[in-house]
Amino acid sequence: MRSRLLATVVVTFLSFIAFNRAVRHQARNSVPRQLLTSIDSTTNATVIAVGNSLMAAGFDGAEFTMAVSSASGRAQALNLGLGSSSPVEHLLLTRQSLARDPHVKLLVYGFSDEQMRSRPERAWWHLIGNFALSFYVEPTVAGHYYATSGYVESLAFRVVAELPVFVERGAIWGRVERIRRTLGGLGLPPVAETRFGRVSDFEDFQLGAIPVSPLRASEADDAELFSEPMRDLIATAQAHGVHVVLVSMPRQATHRDHISATPGWRAYRDRLSEWAQKHDVRIIDAADWVQDEFFEDRLHLGPGGARVFSHRLGQELATQLR
Amino acid sequence: MITMSSVQAVKAWLEYLGGVGEHEPVGWPSRWSWLLMGIWWSVALIGITCFCGQTSKFIYIDF
């Protein structure tokens with residue numbers, strides 16, 4: 001009886017290993033892995049664009065390069081924007097890029113609202129989808145921000161990072177969700193979708209907490225302006241001799257009106273400008289560069305909007321790329 | 001044709017697989033029980049993994 005139970009456990013364990021391999025295979029072309037492949041295959045980028053889905057959708061590398069060239073500059077741009085990600089993942093991608101490509105001169109970081117000062121509040125066991133990057137690109141670095149309670153949690157983070165079923169479960173759930181949506185949509189009119197999902201999902205979605213939480217005057221210079229991974233991202237770039245440009249990404253008029261009326265936002269923006277002047281960081285406010293009709297949903301620029309934004313950004317940064 | 005005895009047989013099999021019944025049902029391949037149960041546990045484990053995901057509007061679709 002005992003030997004039969006043991007045999008059953010062995011069969012289950014072997015099946016589990018096979019399932020892990022299958023999941024790893026299925027996730028081999030996930031969005032973060034495609035970005036890592038881009039980093040590996042690009043060895044002459046002078047500009048890297050980093051950020052979340054706003055940057056992923058909004059930065060058109062070809063248009064940017066053309067705009068820089070037309071202003072007598074030279075640039076080869078790589079878009080490292082990653083949807084549904086935090087500054088921790090942005091830091092990891094930046095480290096990967098800078099470690100492989102010595103030609104990078106400029107890091108363009110796209111942000112919106114309080115994104116740069118929001119601390120990573122997501123527990124590591126909630127890291128799914130594109131956040132999974134943190135498990136397989138320098139988990140020791142990512143664990144520093146996500147597994148903060150001590151050695152045991154840090155060890156747990158490292159252990160589950162070796163389990164594709166856990167790390168890449170978003171790839172499985174994403175497929176199940178697609179089947180669910182397909183079945184749920186049978187007999188109904190087609191729903192508008194973009195690369196980031198259903199357009200309607202972003203209708204009420206706003207990045208960051210609004211109103212912006214007030215700054216405390218007693219805080220050290222940059223402790224309140226940036227979260228720890230964001231500070232480390234800027235420091236990493238500067239340690240490599242890369243100029244950092246922080247770009248407030250294009251947003252729709254209603255959102256701009258809403259946030260600009262918030263006293264906390266104005267105070268944050270002013271403090272950010274002061275800090276940037278002291279630390280050789282440039283800030284570009286591109287929030288109103290693109291008209292609402294160039295957005296494909298509430299948040300993301302469509303291809304036309306990306307060209308408008310990237311062209312103007314190229315013109316703005318051309319002098320730094322001569 | 002579905003008979004009462006076949007329904008009862010299916011019920012006995014499902015109860016045994018689900019751990020409700022301790023005795024092997026009629027027709028259960030005792031010799032390969034360890035393998036069948038291992039496969040069954042694996043199917044259950046994989047099924048749970050696939051369908052335990054929290055429903056999120058923002059599960060990205062361009063994998």
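What's counted below: heavy atoms across the whole structure, side chains too, no hydrogens, waters or symmetry copies. Chain naming here is simple, since letters A, B, ... match the order of the sequence lines and numbering starts at 1 in each.
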Single hit among A/V9, A/L5, A/V11, A/V10 for side chain to side chain contact (heavy atoms under 4.5 Å, CB included) with B/W34: A/V11
More than 12 foreign heavy atoms under 6.0 Å from [atom1] of [X]: is that the case here?
X	atom1	value
A/R28	CZ	yes
B/W40	CH2	no
A/R33	CZ	yes

Among the listed options B/L45, B/T49, B/L35, the residue most often paired with chain A at heavy-atom distances under 4.5 Å: B/T49
Among B/G38, B/S33, B/A44, residue most engaged with chain A (heavy-atom pairs, under 4.5 Å): B/G38
Can you measure from [atom1] ([X]) to [atom2] ([Y]) and round to the nearest 0.5 angstrom?
X	Y	atom1	atom2	answer
B/F51	A/I179	CZ	CD1	6.5 Å
B/W32	A/R4	CH2	CZ	12.5 Å
A/R175	B/C50	CZ	SG	10.5 Å

Which atom of A/T12 lies closest to which atom of B/S42, heavy atoms considered: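 In this case the closest contact between A/T12 and B/S42 is CA-OG, 3.5 Å.
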Minimum side-chain heavy-atom gap B/C52-A/W173 below 4.5 Å: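 With C-beta onward as the side chain, the pair touches.
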